[in-house]
2 protein chains.
Amino acid sequence: MLMPEPDRDSLAKRERIVEALRAIVPGEGVIASQDELRAYECDGLSAYRAVPMAVVLPSTTGQVAEILKLCNEERIKVVPRGAGTSLSGGALPLEDGIVLGLGKFNRILDIDYENRTVTAQPGVTNLGITKAVEDAGFYYAPDPSSQIACSIGGNVAENSGGVHCLKYGLTTNNLLGVEMVLPNGDVLRLGGKHLDSEAYDLLGIMTGSEGLLGVVTEVTVRILPKPETARAVLVGFPSNEQGGDCVASIIAAGIIPGGLEMMDRPAIHAAEAFCQPGYPMDVEALLICELDGPAAEVDHLIETVTSIARQHGATFVKASQSEEERQKFWLGRKAAFPAVGRISPDYYCMDGTIPRAQLSHVLRRMQEMSEEFGLRVANVFHAGDGNLHPLILFDANKPGELERAEEFGSAILRLCVEVGGVLTGEHGVGVEKRDLMPEMFTEDDLNQQQRLKCAFDPAQILNPGKVFPRLHRCAELGRMHIHRGQIPFPDLPRF
Amino acid sequence: MLMPEPDRDSLAKRERIVEALRAIVPGEGVIASQDELRAYECDGLSAYRAVPMAVVLPSTTGQVAEILKLCNEERIKVVPRGAGTSLSGGALPLEDGIVLGLGKFNRILDIDYENRTVTAQPGVTNLGITKAVEDAGFYYAPDPSSQIACSIGGNVAENSGGVHCLKYGLTTNNLLGVEMVLPNGDVLRLGGKHLDSEAYDLLGIMTGSEGLLGVVTEVTVRILPKPETARAVLVGFPSNEQGGDCVASIIAAGIIPGGLEMMDRPAIHAAEAFCQPGYPMDVEALLICELDGPAAEVDHLIETVTSIARQHGATFVKASQSEEERQKFWLGRKAAFPAVGRISPDYYCMDGTIPRAQLSHVLRRMQEMSEEFGLRVANVFHAGDGNLHPLILFDANKPGELERAEEFGSAILRLCVEVGGVLTGEHGVGVEKRDLMPEMFTEDDLNQQQRLKCAFDPAQILNPGKVFPRLHRCAELGRMHIHRGQIPFPDLPRF
């Protein structure tokens, strides 16, 4: 019996696809050599790696449409990629798929101060938007830590946040329109410079869809005037619970700070040792609360926040007296991840969100879990949003510690869901949290999510294996709709 | 040849459905007598009327699920209805369908000040949410004019706004979660008290879906603290253009007023004659600009707005000096529709949205069109949002005037789209603007909208004939995806 030769077949198919891609994007727009492909083997979540079949770097919407049509017809998987800074594996390549890189889409197309909008190609960096308008006194509010490098298109895919999203919202709250391409090559324009659009909110559904529904080729965002003044207050507490309760009280009092971050003792000590921001060393929890707006309002709010903090037993309160001091207060927070990296050989950064009122309960449970798992945990997080970033400290060289860290991480995310929260705040689901989705969603929920996917991408070529733990063929989902629950999970392309 | 007797057949089917509905909702929960059905024959857009087959008034989510499953299996059309105050015919019954009224879902389920949320059943009125929390100093921001009567579930279906949505957003910006039922009876919980959820944003897509995707059975919204101070400024201009330019400049200066409304000369005169709010009679355009926040900030902003207004040639500026005066300034704006009703036998209220920078251009074009069509127009609108509400004045008793008014209205909406705006601001598409959708959307856009509909409601039982001018069977859309443009429009259930 003649055995099939899968390698030769797949090599031939790969060559044919690469040729077809070169016909669409001539010149250096297609990368196919193993050496060069390696540059694309992972995103910011470096635990997972895979070398794609090819990377294609189009520079026009027409090219993107042709590439997607080709891949749709040939059933070639496509992983869209911005700057590759994502932290949950959303831009991780698939070995039997191509990477569609948007790096050449790097121009700002329109700045409109009257409508307070910027229209940019998706490869423009997040900070690039602010840089383009800051001389006129404006900025783009969502500010992920990776803002120097991350792309605005990637921000749309992940619905990125940042320290200012408590007051100014996530990407979805600052996004006004996109141009996008469907897998069948149709080009859609969603939203625009106006307030709202009729018909179903396709713009909303694209935001945070992690590259599974279409490829964004143009982005219009709202820009905001820089606040007149910004001041930060450091507040220290003898316990995490008091810090958590204070956060809930500040929000309940109707104050919406520009940023409201919290660090626990291990994070405070690591940050102080790393860059000396002037944090108190004798507290268990530290809040950094930034107030922005007209100077008179900021002064008033600082008084109110101080008074709330004292009621919750704060033992340290210090407001910044200059722009330099404000920057210094933030320096420790922003350097907290590398700082923790110096006190532990390895750390595993989680990302979950809980109702604010559950903060102190969850922090206490996390301490108990830390003892149960025998691993330290440092907390640095967007407290105002209830968006936790626990850093689990471990040593990959000690047998079993990596596995224990992963189990601890899963237990934390399950706890988030248990108290009414969600599995992610701003890092996305990607591959990292994919298998935890059934903790959060019922089978009915996941089936409805899949039906929606099928409405955009019936052949499921876009980023398969990300976000959702199981893939149904779209035709089966249709049948399941009538005889629901009767179709066994085919458990197709996992990886 | 024996002719079929459709009447007897459809009567028998109707009786069978009514019986089945009574088995699900016992007692007085099913209305089937012609007299009582007439109370449901229209919504706030009274130009269209239809008596439904039956009205069912469930009081539990389980009943809603059973009703939808029954109708899905029997292919009975379902029109969901809140308070029936919608202005574009979204809740208009279908003669061959039932109305699913949510009036018995009238309880507030949870008030949570720490998380700043209210969870309510969908039949609770918009104002009912604020009433439930105002003693604690909070309110729910979106405030449609119908807020005494309109339901929060209807607000979700229409993505309702109000005079405060410039600063505080539409329903979609204040909605945190819903429980909803799909046509197949699946119950989904979308969102919750937390910031954001992973997976596709089904909550966003439900908001403003005008009852076409599912039935909402529980709503969680964000509440806000009442601002410390609110003051309103009246600003009068010798021309509409100056008023429009001033609006654009206020926003471009980075000020986000709590409300920013504009009225033109016919509206000003009608309002002043109706309730004497103290408006200037010698101006062509009047802005009402409300500033809210801490007192010091409000005073500062009033100075800035006044200075911008003077630069644009304002001939009248007056800031409210007391809460009574502020209320009086708003009285004329809020009474503008009935006031215009006194100066013209009939009027036709349009609802379109444009980029703010286009305000003065569109107002000028509308004046020219007023002369072309030989009909007066009064403008009262959410200027800050670019959301126009032109009132076309006509006399239905004069032959041809109604038709001319409708043509004028369509011409205005086409103008909105032409300058980069959209067909609606906050009133929805419903039946009123359904046939204008192709002005705004390409065939590719509309096909994608329909695919999304099929992911929720493959049998298309929910509110068919609303929003979209053409309905494809879902199976045909699938085929069209491959041989696109080849399937002729079947033009199924229009009405």
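Side chains included, hydrogens not; waters and symmetry mates left out as well; all remaining heavy atoms used. Please read these numbers as outputs of a predicted model, since none were measured by experiment. Residue numbers begin at 1 in each chain, while the letters A, B, ... track the order of the sequences.
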Under a 4.5 Å heavy-atom cutoff, which of [options] has the most pairs with chain A?
options                        : result
B/E297, B/Q450, B/Q449, B/R116 : B/Q449
B/E210, B/H300, B/K453         : B/K453
B/L213, B/I255, B/I256         : B/L213
B/G204, B/G293, B/A136         : B/G204
B/V187, B/L423, B/V429, B/L301 : B/L423

- Locate the shortest heavy-atom distance separating A/N115 from B/A357; write the atom from each residue and the value.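 Between these two residues, the closest heavy atoms are OD1-N, 3.3 Å.
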
Which region of [X], side chain (C-beta onward) or backbone (N, CA, C, O), has a non-hydrogen atom less than 4.5 Å from a non-hydrogen atom of chain B, or is it both or neither?
X      : result
A/K433 : neither
A/S209 : both
A/I223 : neither
A/L203 : neither

Side chain to side chain, [X] and [Y], heavy atoms closer than 4.5 Å:
X      : Y      : answer
A/L188 : B/D444 : yes
A/I205 : B/L202 : yes
A/M180 : B/Q448 : no
B/E114 : A/Q358 : no
B/D112 : A/R356 : no

With a 4.5 angstrom heavy-atom cut-off, is it the side chain or the backbone of [X] that approaches chain A, or both, or neither?
X      : result
B/K226 : neither
B/Y200 : both
B/L190 : neither
B/M206 : neither

- Query: Taking atom CG of B/D201 and atom CG of A/N159, what is their separation to the nearest 0.5 Å?
  - Reply: 8.0 Å

Top contributor to chain B interface from [options] [non-hydrogen pairs under 4.5 Å]:
options                        : value
A/G137, A/G254, A/A296         : A/G254
A/A459, A/A252, A/G208, A/S249 : A/A252
A/T207, A/L212, A/V467, A/N173 : A/L212

- Check: A/R451 side chain, B/F456 main-chain N or O, donor-acceptor pair, under 3.5 Å: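 Flag not set: sc A/R451 to bb B/F456 has no pair under 3.5 Å.
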
